[in-house]
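For reference, the structure discussed in these notes is given below.
All figures in this text were calculated on a predicted structure; none of them were measured in a lab. Note that these values count all heavy atoms, side chains included, but never hydrogens, waters or copies made by symmetry.
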Amino acid sequence: MPELPEVETVKLGLAKLLPGLVIAHVKSDWPKSFPNSASDVGSFLVGASVVGVRRRAKVLLIDLSGLHTLVVHLKMTGQLVFVAEAQKSTEYPVQSTEGSDKPLDSKIQDPRSKISQLRFGAGHPTSSLVGMLPDKSTRVTLDFKDGSKLFFNDQRKFGWMKLIPTSEVPNIDFMKKVGPEPLSDEFTAKVFIARIRRRANTTIKAALLDQTVLAGIGNIYADETLWGAKIHPATRVCDVSDSKLKKLHKEIRLVLNLAIKKGGSTNKNYVNAEGKKGSYMSFARVFRRENLPCPHCGTTIIKSRVAGRGTHTCPKCQELAE
DNA sequence: CACTTGACCTGTCCGC
DNA sequence: TGCGGACAGGTCAAGT
């Protein structure tokens with residue numbers, strides 16, 4: 001479930017690794033994960049080099065020579081795994097314990113290891129110890145000329161990767177509809193309030209999750225920011241005061257910036273470019289903390305369902321007005 | 001048009 | 001131990 005901070009972390013990592021690499025071969029065995037035709041791949045992907053990596057909302061944009069772009073959406077379980085050396089079948093280490101702060105498997109940090117492997121993206125529940133790449137969740141494999149590889153793994157097959165002309169990127173429906181970047185200078189409290197007020201009759205949580213209101217918030221950061229602003233997620237937008245929305249705006253920028261600084265994080269096995277785990281779980285204040293005390297008042301955090309999602313709240317800090 | 005629900009998927013976990 | 005069902009959650013299509 002990569003959200004903005006996780007995708008940003010992926011982008012920062014890939015931007016250090018991919019530029020300059022030339023694509024030699026592409027393999028895909030799940031058409032929905034990579035719907036391009038073989039002739040597209042032959043004409044525009046093989047032989048192209050990576051010129052840069054961008055992010056917009058939760059979408060990654062890998063720009064290639066030849067004015068084409070690989071557009072990647074990780075959705076919930078997508079991940080990009082970079083392997084720097086040619087290996088037919090590469091053993092790779094992953095996190096062994098969910099939620100722990102243990103260092104990664106020593107292999108990843110061992111300078112003697114010939115395998116340099118960097119893993120980006122969502123948690124990968126099946127790979128609880130040591131796995132092989134490609135594994136059964138590998139949907140697309142990019143082979144680079146120098147022998148390195150980029151694996152697109154996606155257990156649940158919701159994610160996708162598409163090759164399109166770079167000039168077409170702004171014309172994708174999603175790009176046309178998606179709201180402002182919450183960390184941009186343009187995203188002022190005034191802009192936020194004006195945009196979210198358009199969803200007057202829905203719940204504040206549904207409005208935050210609406211990517212056309214603002215980009216990049218998912219279930220984790222919706223719960224975290226609403227807790228920070230002391231707003232119950234089921235409150236209708238029209239029942240939230242401007243001053244509360246102002247507080248929420250501040251909280252969004254605070255929480256997202258902190259999450260990026262922490263290297264992002266999702267559940268389970270996520271690690272960042274340095275081979276370290278994002279430290280979100282130790283930072284989360286309500287998310288997945290049901291039955292634990294609220295860090296503010298000590299009241300037991302409860303889990304409910306709002307906007308069709310698992311929702312975590314402090315019943316005291318986030319009272320729901322009648 | 002505003003808003004909600006179901007579908008897309010696979011793996012895990014819980015209760016029987 | 002096995003099995004069915006709920007659940008996980010980003011986005012779009014379909015429904016109210």
Between [X] ([atom1]) and [N] ([atom2]), how many Å, whole number?
{"X": "D173(A)", "N": "dA13(C)", "atom1": "CG", "atom2": "C1'", "answer": "12 Å"}
{"X": "K136(A)", "N": "dT10(B)", "atom1": "NZ", "atom2": "C1'", "answer": "9 Å"}
{"X": "K157(A)", "N": "dA8(C)", "atom1": "NZ", "atom2": "P", "answer": "22 Å"}
{"X": "K177(A)", "N": "dG10(C)", "atom1": "NZ", "atom2": "P", "answer": "16 Å"}
{"X": "F174(A)", "N": "dG10(C)", "atom1": "CZ", "atom2": "P", "answer": "11 Å"}
{"X": "Q155(A)", "N": "dC8(B)", "atom1": "CD", "atom2": "P", "answer": "18 Å"}
{"X": "R236(A)", "N": "dT4(B)", "atom1": "CZ", "atom2": "P", "answer": "10 Å"}
{"X": "H73(A)", "N": "dC9(B)", "atom1": "NE2", "atom2": "P", "answer": "16 Å"}

State whether [X] places a side-chain N or O below 4.0 Å from either non-bridging phosphate oxygen (OP1 or OP2) of [N].
{"X": "Q211(A)", "N": "dT11(C)", "answer": "yes"}
{"X": "T202(A)", "N": "dT4(B)", "answer": "yes"}
{"X": "R199(A)", "N": "dC3(B)", "answer": "yes"}
{"X": "K32(A)", "N": "dC8(B)", "answer": "no"}
{"X": "R139(A)", "N": "dC9(B)", "answer": "no"}

Determine the contact category for A200(A): base if any of its heavy atoms lies under 4.0 Å from a base atom, sugar-phosphate if only primed atoms, P, OP1 or OP2 are that close, otherwise nothing. sugar-phosphate

At under 4.0 Å between heavy atoms, what does G308(A) touch on the DNA or RNA strands: base, sugar-phosphate, or nothing? nothing

Before giving the answer on salt bridge (charged side-chain N to carboxylate O under 4.0 Å, His left out), spell out for D29(A) and K136(A) the whole-Å C-alpha distance, their side-chain angles and the decisive distance to 0.1 Å. CA-CA 11 Å; D29(A) 44 23; K136(A) 66 178 173 181; over 6 Å; no

Please answer whether the main-chain N or O of [Y] pairs with a side-chain N or O of [X] as donor and acceptor at a distance below 3.5 Å.
{"X": "D135(A)", "Y": "T138(A)", "result": "yes"}
{"X": "Q211(A)", "Y": "G179(A)", "result": "no"}
{"X": "R195(A)", "Y": "T212(A)", "result": "yes"}

Taking only the [atom1] atom of each, what is the distance from [N] to [M] in whole angstrom?
{"N": "dT12(B)", "M": "dT11(C)", "atom1": "P", "answer": "24 Å"}
{"N": "dA6(C)", "M": "dG6(B)", "atom1": "P", "answer": "12 Å"}
{"N": "dA14(C)", "M": "dC9(B)", "atom1": "P", "answer": "15 Å"}

Could you go through the salt bridge (charged side-chain N to carboxylate O under 4.0 Å, His left out) check for D154(A) and K75(A) one step at a time? CA-CA 9 Å; D154(A) 186 19; K75(A) 293 288 181 87; over 6 Å; no

Against E181(A), only a single residue in R253(A), R55(A), K58(A) fulfils salt bridge (charged side-chain N to carboxylate O under 4.0 Å, His left out); can you say which? R55(A)

Strand DNA chain C in bracket notation, Watson-Crick/G-U under 3.5 Å with | for pairs to another chain: .|||||||.|||||||

Between the base of dA2(B) and the side chain of R198(A), is there a donor-acceptor distance below 3.5 Å? no

Using 30° and 60° as the class boundaries, would you call the ring planes of H68(A) and F44(A) parallel, tilted or perpendicular? parallel

On DNA chain B, check which nucleotide each of N201(A) and R309(A) is closest to and give me the residue with the more 5' one. N201(A)

Assess whether salt bridge (charged side-chain N to carboxylate O under 4.0 Å, His left out) is satisfied between K205(A) and D223(A), documenting all intermediate values. CA-CA 8 Å; K205(A) 176 156 179 174; D223(A) 282 5; 2.6 Å; yes

